[in-house]
Amino acid sequence: MRKRHGVSTIILSGMLAIGCLDAAPSERDGDEDADKIAGGRLAKPNEFPSVVAFIRKNYRGPDCTGTLIAPQTVLTAAHCVDLANPKNLLVATGSVDPFREASVDYEVDRILIHPSFDLSTFEGERFDVALVYLKEPAVDVPLMELNRADAAAGLGAKIVHAGFGAVLAEDAATAGALRTITQKAKGCDTVEDYMYADAPGSEAIDEVPDDKYVCHVERRDIGIRAGDSGGPGMIRKSRTRLVQVSVHHALAPTDGTPSYTYDVRLSAHMAWIDEHIDPPAEQ
């Protein structure tokens, strides 16, 4: 059953897991620093209609993000819903600020976690994807197009992020609203340097391969935040066409130091998604 839901207050504690920030093209695309937008910006109404928010019935605040990829299927990160009870989840559509404004909410029927997902191992992290099935088809919500090409979103590509997560303290009044930021894809060896720079034998570590992840460096004032997990990294095929290339997986720290984010690359998981999407994907 779906329902319209409007809320006037928001709780800023208890946010779930790791995340990502929304994305939209910078107004200064020719500027080398154009992707360095502190906290991103608020998304415009209907700018990312396929991007949805997860809401727990007993807590209406920033949680996780997903994308509608079929009328009854939402793609998200496995770590967002691994321990979730479907009875306690809603998927909010039709609003860029579902925690304060009216949204069309859908109840969840069941959750399917990728069978190889294991957040405790580097190998298992590569499978941080899940499908959430709605009890009824979403109405008048465009579907997200998924990228199938391994070569897409290579080094230097502009990745458009979108998510309903938390933001900087000075932006707390809009926490949970859909935000967007565009960042350039970095080589995943950059991620490894940040992770293992002082670790003995780190030069032999290759745990973050470019064919499994889309990587970018984060700082205190930009990038992925709690509640953005499961949201899309996208590339722009045209002014009006965005294609999802990744799912937000890792979170930047808030202590001011540069860090890493590596998002799960979808092309590595399209066979599993096609097999389990509801209704089944056309072959």
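We count residues from 1, following the sequence as given.
Ile159 has its side chain out of reach of Asp263: every pair of non-hydrogen atoms, C-beta onward, lies at least 4.5 Å apart. Annotation: side chain of Val264 is in contact with side chain of His269 (closest heavy-atom distance under 4.5 Å). Annotation: side chain of Phe54 is in contact with side chain of Val91 (closest heavy-atom distance under 4.5 Å). Counting heavy atoms from C-beta outward, Ser50 and Val141 have side chains that stay 4.5 Å or more apart. Taking 4.5 Å as the limit, every side-chain heavy atom of Val96 sits out of range of all side-chain heavy atoms of Lys44. You'll find the side chain of Val139 stays beyond 4.5 Å of the side chain of Glu136, heavy atoms only. Contact annotation: the side chain of Pro232 approaches that of Val51 to within less than 4.5 Å [non-hydrogen atoms, C-beta and beyond]. No side-chain heavy atom of Asn147 sits under 4.5 Å from any side-chain heavy atom of Gln244.
Taking every heavy atom of both residues into account, Trp272 and Val129 meet most closely at CZ3-CG2, 4.1 Å. When all heavy atoms of His276 and Tyr133 are compared, the closest pair comes out as O-OH, 2.6 Å. Nearest heavy-atom pair across Phe127 and His114 is CD2-CE1, 3.2 Å. Between Glu125 and His249, the shortest heavy-atom contact is OE2-NE2, 3.3 Å. When all heavy atoms of Asp128 and Ala78 are compared, the pair lying nearest together is OD1-N, 2.8 Å. Residue Ile111 comes nearest to Pro86 through the heavy atom pair CD1-CG, 4.0 Å, listed as atom of the first residue, atom of the second, then distance.
When atom types are taken as modelled, the side chain of Gln72 and the backbone of Leu134 share a donor-acceptor pair closer than 3.5 angstrom. Not a single donor-acceptor pair under 3.5 Å links the side chain of Asn88 to the backbone N or O of Lys57. With hydrogens and angles disregarded, no donor-acceptor distance shorter than 3.5 Å links the side chain of Ser267 to the backbone of Val245.
Taking CG of Asp109 as the start and OG1 of Thr73 as the end, the distance is 10.5 Å to the nearest 0.5 Å. In this structure, Arg110 CZ and Leu89 CG are separated by 14.5 Å, a value rounded to the nearest 0.5 Å. Taking CG of Leu143 as the start and CD1 of Ile277 as the end, the distance is 8.0 Å to the nearest 0.5 Å. To the nearest 0.5 Å, atoms CD1 (Ile69) and CD (Glu145) are separated by 12.5 Å. Remark: Ser103 OG to Ile55 CD1 distance equals 5.0 Å, nearest 0.5 Å. Rounding to the nearest 0.5 angstrom, the gap separating the CG atom in Leu75 from the OG1 atom in Thr67 is 4.5 Å.
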side-chain contact (heavy atoms from CB on, under 4.5 Å) between Phe48 and Met144: does it pass, once the steps are laid out?
-> CA-CA 9 Å; Phe48 304 104; Met144 176 65 73; over 6 Å; no
Step by step, would you call Val52 with Thr93 a side-chain contact (heavy atoms from CB on, under 4.5 Å)?
-> CA-CA 5 Å; Val52 302; Thr93 70; 3.7 Å; yes
Would you please test Glu107 and Leu90 for side-chain contact (heavy atoms from CB on, under 4.5 Å) and show each step?
-> CA-CA 5 Å; Glu107 294 187 332; Leu90 294 172; 3.9 Å; yes
Residue pair Asp82, Leu119: steps toward the side-chain contact (heavy atoms from CB on, under 4.5 Å) verdict | CA-CA 10 Å; Asp82 190 24; Leu119 199 58; over 6 Å; no
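Defined by atom type and a distance below 3.5 Å, a donor-acceptor pair is missing between the side-chain atoms of Ser95 and Asp97.
Under the side chain to side chain contact (heavy atoms under 4.5 Å, CB included) criterion, Ala271 pairs with no residue, sequence neighbours left out.
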